[in-house]
Amino acid sequence: MAVTMSARQLALKRREAWGIRALVMVDMSGSGGSGAATHEGPGPHGRCYRCAGTTRRMQAHAQHPNLWLVDHPLIQHKLSVLRERTTPSSDFRRLLGEIAGLMTYEVSRRFETEPIEIHTPMERMLARRLRCAPTLVPVLRAGLGMTDGILALFTEARVGHIGIRRDERTARPEEYYLRLPPDVQDGPVLVVDPMLATGGSAARAVDEVKRTGARDISVVCLVVVPEGLAAMQAAHPDVRVYAAALDRCLNERFFICPGLGDAGDRCFGT
Ligand code: PRP
């Protein structure tokens with residue numbers, strides 16, 4: 001026998017579906033504590049104003065105020081393959097770019113937009129576009145592996161380069177190259193480097209970018225550790241660190257554990 005639903009029952013069912021969806025979004029924080037959505041309660045149609053029908057909003061990590069974890073399942077999956085020690089350089093490079101591209105979706109959430117009049121095939125409308133393309137600043141060498149993945153989404157982005165290597169004995173950063181676009185301070189700047197270990201390299205890179213007058217700066221990494229986050233918080237509390245994973249700690253040689261090895265070497269087969 002066919003069961004017919006009244007309009008009221010149908011509406012109730014839809015509301016339930018929204019409720020369930022909002023709950024799922026609120027609970028998407030994951031074990032890494034990446035932060036749940038800001039749930040503002042139902043609006044006039046039984047939906048949460050902020051999260052219903054759109055995406056969740058990120059929040060800073062509960063223990064690290066400068067950390068914004070982007071731990072989407074697809075990113076976690078690709079990161080696991082990338083970490084695996086048998087993964088060859090060609091796959092490592094490809095995955096580095098893919099993960100950076102996927103992270104860009106969240107990293108660019110705060111980018112400003114401005115109105116623009118466009119003509120669809122149907123009519124004229126007021127749409128929005130990004131106000132300013134970002135500047136990417138990869139930290140050489142490993143940061144280069146992330147750059148193409150982000151550039152694929154921001155084709156108009158400018159790219160500056162900063163060469164920093166760690167002294168193998170002291171783990172202190174040594175800068176050997178710097179070339180930034182002249183107007184780097186116009187628009188957001190993304191310093192990209194797969195690893196935040198002691199935090200020395202990222203802090204130095206941000207020092208250089210700030211010297212140009214830029215203030216809207218984020219650091220985009222794959223794996224970070226509490227030691228590096230604390231160093232960044234001390235040196236640049238105004239800078240957000242986006243990462244795909246918060247790892248356990250540094251070992252006695254200042255390598256991230258469990259980490260992914262030396263990203264520069266793995267990326268370029270050295
Ligand atoms: C790695 C990594 C970061 C830095 C992180 O680079 O790519 O730049 O170490 O360490 P920190 O947070 O303690 O400064 P590395 O010095 O190995 O240079 P490479 O990319 O040329 O291999």
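The first residue of the sequence shown is numbered 1, and numbering continues consecutively from there. Whatever order the structure lists them in is the order used to number ligands and atoms, beginning at 1.
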Exercise. What is the closest protein heavy atom to atom 1 (C) of ligand 1, and at what distance does it sit?
Worked result: M195 CE, 3.8 Å
Exercise. Salt-bridged, E114 to R129, with N to O below 4.0 Å?
Worked result: yes
Exercise. Between D238 and R215, is a salt bridge (charged side-chain N to carboxylate O under 4.0 Å, His left out) present by the stated rule, with each step listed?
Worked result: CA-CA 9 Å; D238 55 320; R215 287 296 171 263; 5.9 Å; no
Problem set entry | Min N/O separation R166 to ligand 1 under 3.5 Å | yes
Exercise. Within the structure, does A197 bring an N/O atom to less than 3.5 angstrom of an N/O atom in ligand 1?
Worked result: yes
Exercise. Heavy atom under 4.0 Å from ligand 1: found in D193's side chain, backbone, both, or neither?
Worked result: side chain
For this session: Would you verify whether the NZ or CZ of R131 falls within 45 degrees of the ring axis of F111 while also being under 6.0 Å from that six-membered ring's centre?
Result: no
For this session: Could you walk me through whether L126 and I116 pass side-chain contact (heavy atoms from CB on, under 4.5 Å), step by step?
Result: CA-CA 6 Å; L126 203 57; I116 177 180; over 6 Å; no
Exercise. Is atom 16 (O) of ligand 1 less than 4.0 angstrom from some protein heavy atom?
Worked result: yes
Problem set entry | Ionic contact status for E174 with R166, cut-off 4.0 Å | no
For this session: Look at atom 18 (O) of ligand 1 and say which protein heavy atom is nearest, naming residue and atom and giving the distance to 0.1 Å.
Result: I164 O, 4.1 Å
For this session: Considering the heavy atoms of D262, write down every atom of ligand 1 situated less than 4.0 Å from one of them.
Result: 17 (O), 22 (O)
Exercise. H236 and D207: side-chain donor and acceptor closer than 3.5 Å?
Worked result: yes
Problem set entry | ligand 1 to G199 polar contact by distance, N or O atoms, under 3.5 Å | yes
Seminar exercise, completed: In ligand 1, the atoms that come under 4.0 Å of a heavy atom of R165 are 16 (O)
Let me check something: any side-chain donor-acceptor pairs from residues 254-270 under 3.5 Å, sequence neighbours excluded? List them with distances.
from	atom 1	to	atom 2	distance (Å)
D262	OD1	G264	N	3.0
D262	OD1	D265	N	3.1
D265	OD1	R141	NH2	2.9
D265	OD1	T270	OG1	2.7
R266	NH1	L82	O	3.2
R266	NH1	R83	O	3.3
R266	NH1	L260	O	3.0
R266	NH2	L82	O	3.4
R266	NH2	E84	O	2.7
R266	NH2	T87	O	3.3
T270	OG1	R141	NH1	3.1

Seminar exercise, completed: Counting heavy atoms under 4.0 Å, the part of S201 that contacts ligand 1 is both
Exercise. What are the atoms of ligand 1, with element, lying closer than 4.0 Å to any heavy atom of R141?
Worked result: 19 (P), 20 (O), 21 (O), 22 (O)
For this session: Give a yes or no on whether a salt bridge exists between D148 and R93, defined as a side-chain N under 4.0 angstrom from a carboxylate O.
Result: no
Problem set entry | Closest protein heavy atom (residue, atom, distance) for atom 13 (O) of ligand 1 | T198 OG1, 2.5 Å
Exercise. Which ligand 1 atoms does A142 reach within 4.0 Å, using its non-hydrogen atoms?
Worked result: 7 (O), 20 (O)
Exercise. Ion pair present between R94 and E98, side-chain N to carboxylate O less than 4.0 angstrom?
Worked result: yes
